[in-house]
Amino acid sequence: MLPTHDTSARQHTGGPTPVPGRGGNRNPQVRRPELSNVEVEIASLLDRSTQELRLAWRKLHRTEPPLGISRDLLIRSLAYDLQQRAHGGPNFRLRRRLQTLAAASEKSALSFDPGVALKTGTTLVRQWRGHTHAILVREDGFEYEGERYRSLTVIAERITGAHWSGPRFFDVTKRARSSVLAEARA
């Protein structure tokens, strides 16, 4: 039997899978039509020297890159910055949550409980003394009776006239969520 020279007949023996459009010829002028400008810019980072990457960092951040940063981390950071510039950064709610987590971490709050994350567009419904109250979860807080609020606790106080934990009043605590899941399985 004659040896087969067709590459499709060879078995893959490990290592990274070849990515279309990458390889020996990384000419930025020859680009695939389905790649966006950001993807082309990110792919071109791989062809730049470490010195060119450091220069790109300086232009973007107006400061020197951190001492000892690896070439790989420099490329990843620049790619993230390019994506953020093209597609926008994290939304307000995510930034607020990250700040809360970072603050708790700085205080070494090992018992910190980030709580339940509610998705934007969710409607919370609560019966209170014969009235139904509906709250819309928004990206920047909550909406109740046409007004915006930053916390559920303020809404719970408005409804009841007394201080309540908003998440507990609307039954969105982790404990309540796990009991609902347990009931659904039964």
Side-chain angles (χ1 to χ4, degrees), residues 7 10 12-124 135-144 147-155 166-167 172-174 177:
T7 57
R10 294 183 192 151
H12 185 63
T13 58
T17 306
V19 177
R22 290 191 182 169
N25 183 11
R26 292 188 181 152
N27 185 351
Q29 280 76 23
V30 180
R31 57 179 247 206
R32 299 176 59 163
E34 66 269 9
L35 292 178
S36 71
N37 289 340
V38 175
E39 291 169 324
V40 170
E41 273 188 84
I42 290 171
S44 75
L45 291 174
L46 297 171
D47 295 329
R48 293 185 183 181
S49 69
T50 304
Q51 192 65 22
E52 291 172 323
L53 293 170
R54 290 179 168 281
L55 181 62
W57 178 285
R58 278 186 224 113
K59 282 182 181 178
L60 189 63
H61 297 284
R62 300 184 199 285
T63 183
E64 292 293 319
L67 288 175
I69 189 171
S70 68
R71 174 182 165 77
D72 180 59
L73 194 54
L74 202 55
I75 290 171
R76 289 172 187 261
S77 177
L78 289 169
Y80 173 80
D81 292 333
L82 289 170
Q83 288 173 336
Q84 189 173 13
R85 186 178 70 199
H87 304 294
N91 64 28
F92 172 77
R93 186 168 165 214
L94 178 59
R95 285 194 316 268
R96 183 177 64 194
R97 186 168 173 85
L98 290 172
Q99 287 172 348
T100 303
L101 290 169
S105 174
E106 287 173 5
K107 294 177 187 173
S108 298
L110 299 176
S111 64
F112 176 74
D113 179 12
V116 176
L118 298 171
K119 289 187 178 182
T120 302
T122 301
T123 301
L124 304 173
I135 289 78
L136 176 65
V137 178
R138 303 182 59 88
E139 187 173 306
D140 57 348
F142 306 93
E143 184 175 319
Y144 173 63
E147 293 184 43
R148 293 194 182 179
Y149 296 88
R150 292 190 67 195
S151 76
L152 286 173
T153 300
V154 174
I155 299 171
V172 291
T173 60
K174 278 190 172 183
R177 187 175 187 193

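A quick note: this is a predicted structure, and the numbers were derived from the prediction, not measured.
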> If every non-hydrogen atom of Leu136 is compared with every non-hydrogen atom of Gly121, which pair is closest and at what distance?
Replying inline: CD1-O, 3.7 Å

> Which atom names give the shortest non-hydrogen contact between Gly166 and Thr153, and what distance separates them?
Replying inline: N-OG1, 3.0 Å

>> So, taking the atom named CD in Gln83 and the one named CD in Glu41, what distance separates them when rounded to the nearest 0.5 Å?
In response: 11.0 Å

>> Tell me whether Arg150 at atom CZ has more than 12 heavy atoms from other residues, nucleotides or ligands lying less than 6.0 Å away.
In response: no

> Gln84: what forms a side chain to side chain donor-acceptor pair (under 3.5 Å) with it, not counting sequence neighbours?
Replying inline: none

> Got a second to check how far Leu82's CG is from His87's NE2, nearest 0.5 Å?
Replying inline: 10.0 Å

> Would you call Asp72 and Arg76 a salt bridge, using N to O less than 4.0 angstrom?
Replying inline: yes

>> Quick one, Arg97 with Thr100, criterion side chain to side chain contact (heavy atoms under 4.5 Å, CB included). Give me CA distance, side-chain angles, the key distance, then yes/no.
In response: CA-CA 5 Å; Arg97 186 168 173 85; Thr100 303; 5.6 Å; no

> Which heavy atom of Pro65 sits nearest a heavy atom of Leu74, and at what distance?
Replying inline: CB-CD1, 4.1 Å

> For the atom pair CZ (Arg71) and CG (Leu46), what is the distance rounded to the nearest 0.5 Å?
Replying inline: 7.5 Å

>> Testing the basics here: between Asn91 and Leu94, what is the closest heavy-atom pair and its distance to 0.1 Å?
In response: OD1-N, 2.8 Å

> So, for Arg54 and Ile69, which heavy atoms are closest and what is the spacing to 0.1 Å?
Replying inline: NH2-O, 4.0 Å

>> As an exercise, state the distance from OG1 of Thr123 to CZ of Phe142, rounded to the nearest 0.5 Å.
In response: 12.0 Å

> When you look at Gln51 and Leu55, which way does the side chain to side chain contact (heavy atoms under 4.5 Å, CB included) test go after all the steps?
Replying inline: CA-CA 6 Å; Gln51 192 65 22; Leu55 181 62; over 6 Å; no

>> Would the distance check show the side chain of Ser77 and the main-chain N or O of Leu73 forming a donor-acceptor pair, the cut-off being under 3.5 Å?
In response: no

>> Can you tell me how far apart CD1 (Ile75) and OG1 (Thr50) are? Round to the nearest 0.5 Å.
In response: 7.5 Å

>> On a heavy-atom basis, which atom in Leu45 and which in Ala79 lie closest, and how many Å separate them?
In response: CD1-N, 3.7 Å

>> How long is the straight-line distance from CD1 of Ile155 back to OH of Tyr144, given to the nearest 0.5 Å?
In response: 8.0 Å

